[in-house]
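What you see is a predicted model; the values in this text were computed from it and never measured.
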Amino acid sequence: MKLHEYQSKFRFAEFDIPIPQGKIATTPEQAYAIADEIGGPVVVKAQVLVGGRGKAGGVKLAKTPDEAMQQAQAILGMDIKGLEVTKVLIDPAAEIVDEVYLGITTDRAARRTVLIASGEGGVDIEEVAATTPEKIVKMHIDPFLGIRRYQTHDIANRVGIHRENWKEFYQIAKGLYDCVLASDATLAEINPLVLTGEGTLLAVDGKMVIDDNALNRQPELAAQRDTSDEPEAETKARESHLSYIKLDGEIGCMVNGAGLAMATMDVVKLYGGTPANFLDIGGGAKAETVATALEIILSDPNVKAVLFNIFGGITRCDEVAKGILAALEEVKPDVPMIARLVGTNEKEGRELLAEAKMITAETLSEAAKLAVQAAQSA
Ligand code: GDP
Ligand code: MN
(Lines give C-alpha, C1' and ligand atoms only; values in the text may rest on other atoms or scores of the structure.)
(Ligands and ions follow the chains in the order given, each with its own letter.)
Protein backbone atom coordinates (compact mmCIF):
# COMPACT_ATOMS: atom_id res chain seq x y z
CA MET A 1 0.00 0.00 0.00
CA LYS A 2 1.37 3.37 -1.03
CA LEU A 3 1.13 6.44 1.17
CA HIS A 4 0.76 9.96 -0.16
CA GLU A 5 3.59 12.45 0.14
CA TYR A 6 1.91 14.27 3.04
CA GLN A 7 1.11 11.02 4.86
CA SER A 8 4.70 9.85 4.44
CA LYS A 9 6.20 13.15 5.58
CA PHE A 10 3.90 13.46 8.60
CA ARG A 11 4.98 9.94 9.52
CA PHE A 12 8.66 10.85 9.00
CA ALA A 13 8.19 13.79 11.35
CA GLU A 14 7.22 11.37 14.13
CA PHE A 15 10.75 10.00 13.79
CA ASP A 16 12.34 13.43 14.08
CA ILE A 17 12.98 13.91 10.38
CA PRO A 18 12.70 17.64 9.60
CA ILE A 19 9.89 18.40 7.12
CA PRO A 20 8.31 21.66 5.93
CA GLN A 21 5.37 22.56 8.20
CA GLY A 22 2.65 22.34 5.59
CA LYS A 23 -1.03 21.44 5.47
CA ILE A 24 -3.51 19.80 3.13
CA ALA A 25 -6.10 21.72 1.10
CA THR A 26 -8.96 20.35 -0.97
CA THR A 27 -10.20 23.72 -2.25
CA PRO A 28 -8.46 26.86 -3.59
CA GLU A 29 -9.91 28.84 -0.64
CA GLN A 30 -8.28 26.49 1.86
CA ALA A 31 -5.04 26.83 -0.08
CA TYR A 32 -5.31 30.62 0.31
CA ALA A 33 -5.93 30.34 4.06
CA ILE A 34 -2.98 27.98 4.60
CA ALA A 35 -0.63 30.11 2.51
CA ASP A 36 -1.79 33.19 4.43
CA GLU A 37 -1.07 31.45 7.73
CA ILE A 38 2.39 30.34 6.53
CA GLY A 39 3.03 33.91 5.56
CA GLY A 40 5.77 33.55 2.94
CA PRO A 41 6.26 31.83 -0.40
CA VAL A 42 4.75 28.36 -0.58
CA VAL A 43 4.79 25.32 -2.85
CA VAL A 44 1.47 23.86 -3.97
CA LYS A 45 1.88 20.13 -4.49
CA ALA A 46 -0.55 17.66 -6.08
CA GLN A 47 -1.13 14.62 -3.87
CA VAL A 48 -1.38 11.65 -6.19
CA LEU A 49 0.21 8.25 -5.79
CA VAL A 50 2.70 8.57 -8.65
CA GLY A 51 6.15 10.06 -8.97
CA GLY A 52 7.23 12.80 -11.36
CA ARG A 53 4.52 15.22 -10.31
CA GLY A 54 6.92 18.11 -10.71
CA LYS A 55 7.52 17.39 -14.40
CA ALA A 56 3.78 16.89 -14.94
CA GLY A 57 3.04 20.40 -13.62
CA GLY A 58 1.75 19.24 -10.26
CA VAL A 59 4.29 21.15 -8.13
CA LYS A 60 4.21 24.96 -8.31
CA LEU A 61 5.76 27.80 -6.36
CA ALA A 62 3.49 30.62 -5.17
CA LYS A 63 4.74 33.91 -3.68
CA THR A 64 1.45 35.13 -2.25
CA PRO A 65 -1.78 33.59 -0.88
CA ASP A 66 -3.52 34.80 -4.07
CA GLU A 67 -1.01 32.96 -6.22
CA ALA A 68 -1.37 29.86 -4.03
CA MET A 69 -5.10 29.98 -4.59
CA GLN A 70 -4.64 30.25 -8.37
CA GLN A 71 -2.12 27.40 -8.43
CA ALA A 72 -4.40 25.22 -6.31
CA GLN A 73 -7.27 26.04 -8.67
CA ALA A 74 -5.14 24.86 -11.60
CA ILE A 75 -3.79 21.73 -9.90
CA LEU A 76 -6.95 20.46 -8.21
CA GLY A 77 -8.83 18.34 -10.72
CA MET A 78 -5.75 17.93 -12.88
CA ASP A 79 -5.07 14.52 -14.37
CA ILE A 80 -1.60 13.21 -13.57
CA LYS A 81 -0.76 9.90 -15.22
CA GLY A 82 -4.41 8.90 -15.12
CA LEU A 83 -5.02 9.98 -11.52
CA GLU A 84 -7.24 12.91 -10.57
CA VAL A 85 -5.83 15.38 -8.07
CA THR A 86 -8.25 15.91 -5.18
CA LYS A 87 -5.82 17.24 -2.57
CA VAL A 88 -2.87 19.60 -2.58
CA LEU A 89 -0.19 19.99 0.05
CA ILE A 90 0.71 23.59 0.83
CA ASP A 91 4.27 23.66 2.15
CA PRO A 92 6.40 26.67 3.04
CA ALA A 93 8.82 26.97 0.10
CA ALA A 94 12.36 25.98 0.88
CA GLU A 95 15.35 27.70 -0.61
CA ILE A 96 17.12 24.77 -2.24
CA VAL A 97 20.93 24.83 -2.36
CA ASP A 98 21.44 21.14 -3.07
CA GLU A 99 19.27 18.04 -3.51
CA VAL A 100 20.13 14.42 -2.68
CA TYR A 101 18.18 11.19 -2.77
CA LEU A 102 17.84 9.03 0.34
CA GLY A 103 15.86 5.81 0.46
CA ILE A 104 15.55 2.58 2.41
CA THR A 105 14.19 -0.65 1.01
CA THR A 106 14.63 -4.40 1.29
CA ASP A 107 17.36 -6.10 -0.71
CA ARG A 108 15.88 -9.57 -0.95
CA ALA A 109 18.97 -11.12 -2.48
CA ALA A 110 21.12 -9.87 0.40
CA ARG A 111 18.38 -10.55 2.98
CA ARG A 112 19.09 -7.13 4.41
CA THR A 113 17.59 -3.70 4.58
CA VAL A 114 19.54 -1.42 2.29
CA LEU A 115 20.19 2.30 2.47
CA ILE A 116 20.33 3.93 -0.94
CA ALA A 117 21.58 7.44 -1.61
CA SER A 118 22.55 9.57 -4.55
CA GLY A 119 23.94 13.03 -5.14
CA GLU A 120 21.52 13.20 -8.09
CA GLY A 121 18.52 14.08 -5.95
CA GLY A 122 15.21 15.47 -7.10
CA VAL A 123 15.07 13.54 -10.34
CA ASP A 124 13.70 10.11 -11.08
CA ILE A 125 15.96 7.66 -9.24
CA GLU A 126 15.07 4.82 -11.62
CA GLU A 127 16.49 6.91 -14.43
CA VAL A 128 19.71 7.58 -12.50
CA ALA A 129 19.98 3.84 -11.83
CA ALA A 130 19.53 3.07 -15.51
CA THR A 131 21.83 5.70 -17.02
CA THR A 132 24.46 6.45 -14.36
CA PRO A 133 24.38 3.60 -11.82
CA GLU A 134 27.76 4.70 -10.44
CA LYS A 135 26.00 7.74 -8.96
CA ILE A 136 23.99 5.51 -6.62
CA VAL A 137 25.46 4.47 -3.29
CA LYS A 138 24.14 1.45 -1.40
CA MET A 139 24.84 0.25 2.10
CA HIS A 140 23.34 -2.79 3.80
CA ILE A 141 22.16 -2.52 7.37
CA ASP A 142 22.89 -5.32 9.79
CA PRO A 143 19.60 -6.14 11.54
CA PHE A 144 21.36 -6.71 14.87
CA LEU A 145 23.59 -3.64 14.79
CA GLY A 146 21.13 -1.28 13.14
CA ILE A 147 22.26 1.78 11.25
CA ARG A 148 25.76 2.93 12.30
CA ARG A 149 27.15 6.42 12.32
CA TYR A 150 30.20 5.47 10.25
CA GLN A 151 27.85 4.15 7.55
CA THR A 152 25.91 7.36 7.21
CA HIS A 153 29.13 9.42 7.37
CA ASP A 154 30.54 7.34 4.53
CA ILE A 155 27.37 7.78 2.47
CA ALA A 156 27.17 11.50 3.21
CA ASN A 157 30.75 11.86 2.05
CA ARG A 158 30.08 9.96 -1.16
CA VAL A 159 26.97 11.93 -2.13
CA GLY A 160 28.61 15.28 -1.45
CA ILE A 161 27.06 16.33 1.86
CA HIS A 162 29.39 18.62 3.79
CA ARG A 163 30.77 17.59 7.16
CA GLU A 164 28.72 20.24 8.99
CA ASN A 165 25.58 18.31 8.04
CA TRP A 166 26.79 14.78 8.80
CA LYS A 167 25.27 14.68 12.27
CA GLU A 168 21.91 15.78 10.90
CA PHE A 169 22.22 13.31 8.04
CA TYR A 170 22.82 10.50 10.53
CA GLN A 171 19.72 11.49 12.49
CA ILE A 172 17.60 11.59 9.33
CA ALA A 173 18.86 8.23 8.05
CA LYS A 174 18.39 6.72 11.51
CA GLY A 175 14.89 8.22 11.71
CA LEU A 176 14.04 6.83 8.30
CA TYR A 177 15.31 3.39 9.33
CA ASP A 178 13.31 3.43 12.58
CA CYS A 179 10.28 4.60 10.60
CA VAL A 180 10.66 1.71 8.13
CA LEU A 181 10.86 -0.85 10.93
CA ALA A 182 8.00 0.61 12.94
CA SER A 183 5.78 0.94 9.87
CA ASP A 184 6.50 -2.42 8.20
CA ALA A 185 7.46 -0.40 5.14
CA THR A 186 8.97 -2.04 2.08
CA LEU A 187 10.13 1.37 0.88
CA ALA A 188 10.64 4.79 2.40
CA GLU A 189 12.21 7.54 0.39
CA ILE A 190 13.09 11.20 0.60
CA ASN A 191 13.60 12.70 -2.82
CA PRO A 192 14.82 15.30 -2.59
CA LEU A 193 16.45 15.66 0.80
CA VAL A 194 17.58 19.25 0.44
CA LEU A 195 20.25 21.46 1.85
CA THR A 196 18.40 24.72 2.50
CA GLY A 197 19.62 28.29 2.34
CA GLU A 198 19.88 28.18 6.14
CA GLY A 199 22.40 25.36 5.85
CA THR A 200 20.17 22.65 7.28
CA LEU A 201 18.73 19.45 5.81
CA LEU A 202 15.02 19.18 5.04
CA ALA A 203 12.86 16.36 3.63
CA VAL A 204 10.99 18.13 0.85
CA ASP A 205 9.35 15.08 -0.72
CA GLY A 206 8.37 11.75 0.84
CA LYS A 207 7.12 8.39 -0.26
CA MET A 208 6.31 5.19 1.60
CA VAL A 209 5.09 1.75 0.62
CA ILE A 210 3.69 -0.38 3.43
CA ASP A 211 3.81 -4.17 3.23
CA ASP A 212 0.19 -5.23 2.60
CA ASN A 213 0.78 -8.39 4.59
CA ALA A 214 1.53 -6.33 7.70
CA LEU A 215 -1.52 -4.07 7.54
CA ASN A 216 -3.37 -6.12 10.14
CA ARG A 217 -0.86 -4.91 12.72
CA GLN A 218 -0.67 -1.37 11.31
CA PRO A 219 -4.29 -0.22 11.73
CA GLU A 220 -3.27 3.43 11.87
CA LEU A 221 -1.54 3.21 8.49
CA ALA A 222 -4.17 0.91 6.96
CA ALA A 223 -6.80 3.55 7.74
CA GLN A 224 -4.88 6.01 5.57
CA ARG A 225 -5.46 4.03 2.39
CA ASP A 226 -6.74 6.18 -0.43
CA THR A 227 -8.86 3.96 -2.67
CA SER A 228 -9.79 6.87 -4.93
CA ASP A 229 -6.31 6.62 -6.39
CA GLU A 230 -6.46 2.88 -6.85
CA PRO A 231 -7.77 1.29 -10.05
CA GLU A 232 -11.32 0.10 -9.29
CA ALA A 233 -10.46 -3.48 -10.25
CA GLU A 234 -7.74 -3.60 -7.61
CA THR A 235 -9.99 -2.29 -4.84
CA LYS A 236 -12.63 -4.85 -5.78
CA ALA A 237 -10.07 -7.67 -5.90
CA ARG A 238 -8.62 -6.74 -2.52
CA GLU A 239 -12.04 -6.57 -0.89
CA SER A 240 -12.90 -10.02 -2.27
CA HIS A 241 -9.54 -11.45 -1.11
CA LEU A 242 -8.39 -12.13 -4.65
CA SER A 243 -4.75 -11.73 -5.63
CA TYR A 244 -4.99 -9.70 -8.81
CA ILE A 245 -2.29 -7.95 -10.77
CA LYS A 246 -3.11 -6.27 -14.03
CA LEU A 247 -0.70 -6.88 -16.90
CA ASP A 248 -0.51 -5.65 -20.50
CA GLY A 249 -1.57 -8.72 -22.50
CA GLU A 250 -4.82 -9.84 -24.07
CA ILE A 251 -5.61 -13.16 -22.40
CA GLY A 252 -7.47 -12.90 -19.11
CA CYS A 253 -6.50 -15.72 -16.75
CA MET A 254 -8.47 -17.09 -13.83
CA VAL A 255 -6.57 -19.67 -11.83
CA ASN A 256 -6.68 -21.16 -8.36
CA GLY A 257 -3.29 -21.07 -6.71
CA ALA A 258 -0.40 -18.66 -7.17
CA GLY A 259 2.00 -21.28 -8.52
CA LEU A 260 -0.58 -22.56 -10.97
CA ALA A 261 -1.28 -18.98 -12.05
CA MET A 262 2.42 -18.46 -12.79
CA ALA A 263 2.58 -21.74 -14.73
CA THR A 264 -0.55 -20.80 -16.67
CA MET A 265 0.96 -17.47 -17.67
CA ASP A 266 4.10 -19.26 -18.84
CA VAL A 267 2.09 -21.70 -20.94
CA VAL A 268 0.09 -18.84 -22.49
CA LYS A 269 3.40 -17.23 -23.46
CA LEU A 270 4.75 -20.52 -24.75
CA TYR A 271 1.93 -20.64 -27.29
CA GLY A 272 2.50 -17.07 -28.41
CA GLY A 273 -0.02 -15.19 -26.28
CA THR A 274 0.40 -12.65 -23.49
CA PRO A 275 -1.48 -12.73 -20.19
CA ALA A 276 -3.70 -9.76 -19.32
CA ASN A 277 -3.41 -10.40 -15.62
CA PHE A 278 -2.28 -12.57 -12.78
CA LEU A 279 -5.30 -13.72 -10.81
CA ASP A 280 -5.35 -16.24 -8.01
CA ILE A 281 -8.85 -16.93 -6.71
CA GLY A 282 -7.36 -18.96 -3.88
CA GLY A 283 -8.37 -22.30 -2.47
CA GLY A 284 -12.03 -23.15 -1.83
CA ALA A 285 -13.40 -20.18 -3.79
CA LYS A 286 -17.18 -19.99 -3.84
CA ALA A 287 -19.35 -19.10 -6.82
CA GLU A 288 -19.65 -15.46 -5.71
CA THR A 289 -15.87 -14.96 -5.61
CA VAL A 290 -15.54 -16.50 -9.06
CA ALA A 291 -18.19 -14.14 -10.39
CA THR A 292 -16.36 -11.12 -8.97
CA ALA A 293 -13.09 -12.36 -10.44
CA LEU A 294 -14.63 -12.70 -13.89
CA GLU A 295 -16.12 -9.21 -13.68
CA ILE A 296 -12.67 -7.87 -12.80
CA ILE A 297 -11.03 -9.67 -15.74
CA LEU A 298 -13.68 -8.47 -18.18
CA SER A 299 -13.45 -4.87 -17.01
CA ASP A 300 -10.06 -4.72 -18.76
CA PRO A 301 -10.72 -3.56 -22.34
CA ASN A 302 -7.56 -5.29 -23.61
CA VAL A 303 -8.92 -8.75 -22.82
CA LYS A 304 -9.72 -10.67 -26.02
CA ALA A 305 -10.16 -14.15 -24.51
CA VAL A 306 -10.47 -15.61 -21.03
CA LEU A 307 -8.71 -18.75 -19.90
CA PHE A 308 -9.87 -20.60 -16.79
CA ASN A 309 -7.41 -23.06 -15.35
CA ILE A 310 -8.85 -24.70 -12.25
CA PHE A 311 -7.33 -27.58 -10.41
CA GLY A 312 -10.05 -28.88 -8.15
CA GLY A 313 -8.78 -29.93 -4.75
CA ILE A 314 -10.39 -28.03 -1.95
CA THR A 315 -11.89 -25.87 -4.68
CA ARG A 316 -14.75 -27.75 -6.31
CA CYS A 317 -15.00 -27.52 -10.10
CA ASP A 318 -18.81 -27.39 -10.06
CA GLU A 319 -18.67 -24.49 -7.61
CA VAL A 320 -16.34 -22.63 -9.98
CA ALA A 321 -18.60 -23.44 -12.95
CA LYS A 322 -21.60 -22.07 -11.04
CA GLY A 323 -19.66 -18.89 -10.39
CA ILE A 324 -18.81 -18.54 -14.05
CA LEU A 325 -22.45 -19.03 -14.99
CA ALA A 326 -23.63 -16.54 -12.37
CA ALA A 327 -21.15 -13.97 -13.67
CA LEU A 328 -22.26 -14.58 -17.24
CA GLU A 329 -25.77 -13.56 -16.31
CA GLU A 330 -24.59 -10.19 -15.07
CA VAL A 331 -21.74 -9.34 -17.40
CA LYS A 332 -22.47 -10.36 -20.95
CA PRO A 333 -18.96 -10.99 -22.25
CA ASP A 334 -18.35 -10.72 -25.95
CA VAL A 335 -15.03 -12.55 -25.76
CA PRO A 336 -14.47 -16.29 -26.10
CA MET A 337 -13.94 -18.19 -22.88
CA ILE A 338 -11.98 -21.41 -22.56
CA ALA A 339 -12.03 -23.55 -19.45
CA ARG A 340 -9.86 -26.36 -18.25
CA LEU A 341 -11.31 -27.88 -15.11
CA VAL A 342 -9.76 -30.95 -13.52
CA GLY A 343 -10.06 -32.55 -10.11
CA THR A 344 -12.88 -32.59 -7.59
CA ASN A 345 -16.29 -32.63 -9.33
CA GLU A 346 -14.75 -31.96 -12.74
CA LYS A 347 -17.47 -33.88 -14.57
CA GLU A 348 -20.27 -31.83 -13.00
CA GLY A 349 -18.32 -28.66 -13.67
CA ARG A 350 -17.75 -29.43 -17.34
CA GLU A 351 -21.40 -30.34 -17.85
CA LEU A 352 -22.52 -27.02 -16.42
CA LEU A 353 -20.14 -25.12 -18.71
CA ALA A 354 -21.09 -27.13 -21.79
CA GLU A 355 -24.69 -26.06 -21.21
CA ALA A 356 -23.50 -22.47 -21.33
CA LYS A 357 -21.74 -23.23 -24.64
CA MET A 358 -18.29 -22.54 -23.26
CA ILE A 359 -15.21 -24.10 -24.80
CA THR A 360 -13.76 -26.72 -22.49
CA ALA A 361 -10.39 -28.43 -22.71
CA GLU A 362 -8.85 -31.49 -21.10
CA THR A 363 -5.30 -30.26 -20.70
CA LEU A 364 -3.65 -26.95 -19.96
CA SER A 365 -1.73 -26.87 -23.24
CA GLU A 366 -4.88 -27.53 -25.20
CA ALA A 367 -6.73 -24.79 -23.30
CA ALA A 368 -3.86 -22.32 -23.71
CA LYS A 369 -3.62 -22.99 -27.45
CA LEU A 370 -7.35 -22.45 -27.85
CA ALA A 371 -7.21 -19.22 -25.86
CA VAL A 372 -4.28 -17.87 -27.90
CA GLN A 373 -6.03 -18.76 -31.16
CA ALA A 374 -9.25 -17.16 -29.98
CA ALA A 375 -7.48 -13.96 -28.95
CA GLN A 376 -5.54 -13.76 -32.20
CA SER A 377 -8.58 -14.20 -34.39
CA ALA A 378 -10.57 -11.67 -32.34
P1 GDP B 1 7.95 14.84 -7.58
O2 GDP B 1 8.20 15.52 -8.88
O3 GDP B 1 6.64 14.10 -7.59
O4 GDP B 1 9.07 13.97 -7.14
O5 GDP B 1 7.75 16.00 -6.48
P6 GDP B 1 8.82 16.76 -5.52
O7 GDP B 1 8.17 17.04 -4.26
O8 GDP B 1 10.09 16.00 -5.45
O9 GDP B 1 9.05 18.13 -6.27
C10 GDP B 1 9.69 18.21 -7.51
C11 GDP B 1 10.73 19.29 -7.52
O12 GDP B 1 10.14 20.54 -7.21
C13 GDP B 1 11.82 19.10 -6.47
O14 GDP B 1 12.85 18.25 -6.88
C15 GDP B 1 12.31 20.54 -6.30
O16 GDP B 1 13.27 20.84 -7.29
C17 GDP B 1 11.06 21.36 -6.54
N18 GDP B 1 10.53 21.78 -5.22
C19 GDP B 1 9.72 21.09 -4.40
N20 GDP B 1 9.52 21.75 -3.25
C21 GDP B 1 10.23 22.91 -3.35
C22 GDP B 1 10.45 24.02 -2.49
O23 GDP B 1 9.97 24.09 -1.36
N24 GDP B 1 11.25 25.01 -2.97
C25 GDP B 1 11.81 24.97 -4.20
N26 GDP B 1 12.58 25.98 -4.58
N27 GDP B 1 11.65 23.94 -5.03
C28 GDP B 1 10.87 22.92 -4.61
MN1 MN C 1 10.34 13.89 -5.61
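- Counting all heavy atoms, side chain and backbone alike, F12 lies closest to A188 at CE2-CB, 4.3 Å.
- Checking R11 against S183 by side-chain atom types alone, a donor-acceptor pair falls below 3.5 Å.
- Applying the 6.0 Å contact sphere to NZ of K246 captures more than 12 heavy atoms from other residues, nucleotides or ligands.
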I'd like to know whether F278 forms a side-chain contact (heavy atoms from CB on, under 4.5 Å) with V255, so could you lay out the CA-CA distance, the side-chain angles of the two residues, the decisive distance to 0.1 Å, and finally the verdict.
CA-CA 8 Å; F278 168 96; V255 189; over 6 Å; no
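- Between the CD1 atom in I34 and the CD1 atom in I24 there is a gap of 7.5 Å [rounded to 0.5 Å].
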Quick one, Y244 with E234, criterion side-chain hydrogen bond (donor to acceptor under 3.5 Å, both in side chains). Give me CA distance, side-chain angles, the key distance, then yes/no. CA-CA 7 Å; Y244 170 79; E234 280 179 24; over 6 Å; no
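- Here CG of L353 is found 8.0 Å from CZ of F308. Values are rounded to the nearest 0.5 Å.
- Under 4.0 Å is where a charged nitrogen must lie from a carboxylate oxygen, and between E351 and K347 at least one such pair does.
- At distances below 3.5 Å, at least one donor-acceptor pair connects side-chain atoms of N165 with backbone N or O atoms of G199.
- A salt bridge between R225 and D212 is present, with a side-chain N of the basic residue lying under 4.0 Å from a carboxylate O of the acidic one.
- Not one N or O on the side chain of D91 forms a donor-acceptor pair closer than 3.5 Å with the backbone of A93.
- Between the side chain of Q151 and the main chain of R148, a donor-acceptor pair closer than 3.5 Å is present.
- For the pair Q21 (side chain) and I19 (backbone), a donor-acceptor distance under 3.5 Å is present.
- Note: K2 NZ to K207 NZ = 6.0 Å, rounded to the nearest 0.5 Å.
- A donor-acceptor pair is defined here as one N or O able to donate and one able to accept, closer than 3.5 Å; no such pair exists between the side chain of T26 and the backbone of K87.
- Salt bridge present: E5 and K45 bring a charged side-chain N and a carboxylate O closer than 4.0 Å.
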Counting only pairs under 3.5 Å, give me each side-chain donor-acceptor contact of residues 106-117, with atom names and distances, residues two or more places apart or in other chains.
| from | atom 1 | to | atom 2 | distance (Å) |
| --- | --- | --- | --- | --- |
| D107 | OD1 | A109 | N | 3.2 |
| D107 | OD1 | A110 | N | 3.2 |
| D107 | OD2 | H140 | NE2 | 2.8 |

Q.
Would I310 and R340 count as a side-chain contact (heavy atoms from CB on, under 4.5 Å) here? Give the steps.
A. CA-CA 6 Å; I310 304 296; R340 178 235 181 190; over 6 Å; no
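- Within the 4.5 Å cutoff, the side chain of T363 has no heavy atoms near those of the V342 side chain.
- Using a cut-off of 4.0 Å between Lys/Arg side-chain N and Asp/Glu carboxylate O, D205 and K9 are scored as not salt-bridged.
- Annotation: side chain of Y32 is not in contact with side chain of T27 (no heavy-atom distance under 4.5 Å).
- Remark: L270 CG is packed, more than 12 non-hydrogen atoms of other residues, nucleotides or ligands lying under 6.0 Å away.
- Hydrophobic clustering keeps L260 apart from V267 (ILVMFWY residues linked when any side-chain heavy atoms are closer than 4.5 Å, directly or through intermediates).
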Practice prompt. Test side-chain hydrogen bond (donor to acceptor under 3.5 Å, both in side chains) on T274 and E250 and set out the steps.
Written response: CA-CA 6 Å; T274 45; E250 75 289 347; 2.4 Å; yes
Using distance only, find each side-chain donor-acceptor pair of residues 55-73 under 3.5 Å and give its atom names and separation, not counting sequence neighbours.
| from | atom 1 | to | atom 2 | distance (Å) |
| --- | --- | --- | --- | --- |
| T64 | OG1 | E67 | N | 3.1 |
| E67 | OE1 | K63 | N | 3.2 |

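- Residue L3 holds its CG atom at 4.5 Å from CD1 of I210, rounded to the nearest 0.5 Å.
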Show your working on salt bridge (Lys or Arg N to Asp or Glu O under 4.0 Å) between E232 and K236 and close with a plain yes or no. CA-CA 6 Å; E232 201 188 319; K236 220 162 145 180; 5.1 Å; no
Q) Step by step, would you call I251 with V303 a side-chain contact (heavy atoms from CB on, under 4.5 Å)? A) CA-CA 6 Å; I251 298 177; V303 168; over 6 Å; no
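- Distance check, rounded to the nearest 0.5 Å: OG1 of T86 to CE of M78 gives 13.5 Å.
- By the salt bridge (Lys or Arg N to Asp or Glu O under 4.0 Å) test, D178 pairs with K174, sequence neighbours left out.
- With hydrogens and angles ignored, the 3.5 Å screen pairs a side-chain donor or acceptor of S118 with a backbone N or O of K135.
- Atom-to-atom distance recorded for E348:CD and L341:CG is 11.0 Å, nearest 0.5 angstrom.
- Although no hydrogens or angles enter the test, the distance criterion places a donor-acceptor pair under 3.5 Å between the side chain of Q47 and the main chain of Y6.
- Side-chain atoms of T264 and N309 form a donor-acceptor pair, as typed in the model, at a separation below 3.5 Å.
- Put simply, the side chain of S240 never gets that close to the backbone of T289: no donor and acceptor are under 3.5 Å apart.
- More than 12 heavy atoms of other residues, nucleotides or ligands sit less than 6.0 Å from atom CG of N216.
- Side-chain atoms of Y101 and V159, non-hydrogen and from C-beta on, never get closer than 4.5 Å to each other.
- Under the 3.5 Å distance criterion, the side-chain polar atoms of D79 are left unmatched by any main-chain donor or acceptor of E84.
- For the pair V88 and I90, the minimum side-chain heavy-atom distance is below 4.5 Å.
- Few gaps surround CD on E366; more than 12 heavy atoms of other groups in view lie less than 6.0 Å from it.
- Using a distance-only test at 3.5 Å, with no hydrogens or angles considered, no donor-acceptor pair links the side chain of T132 to the main chain of E134.
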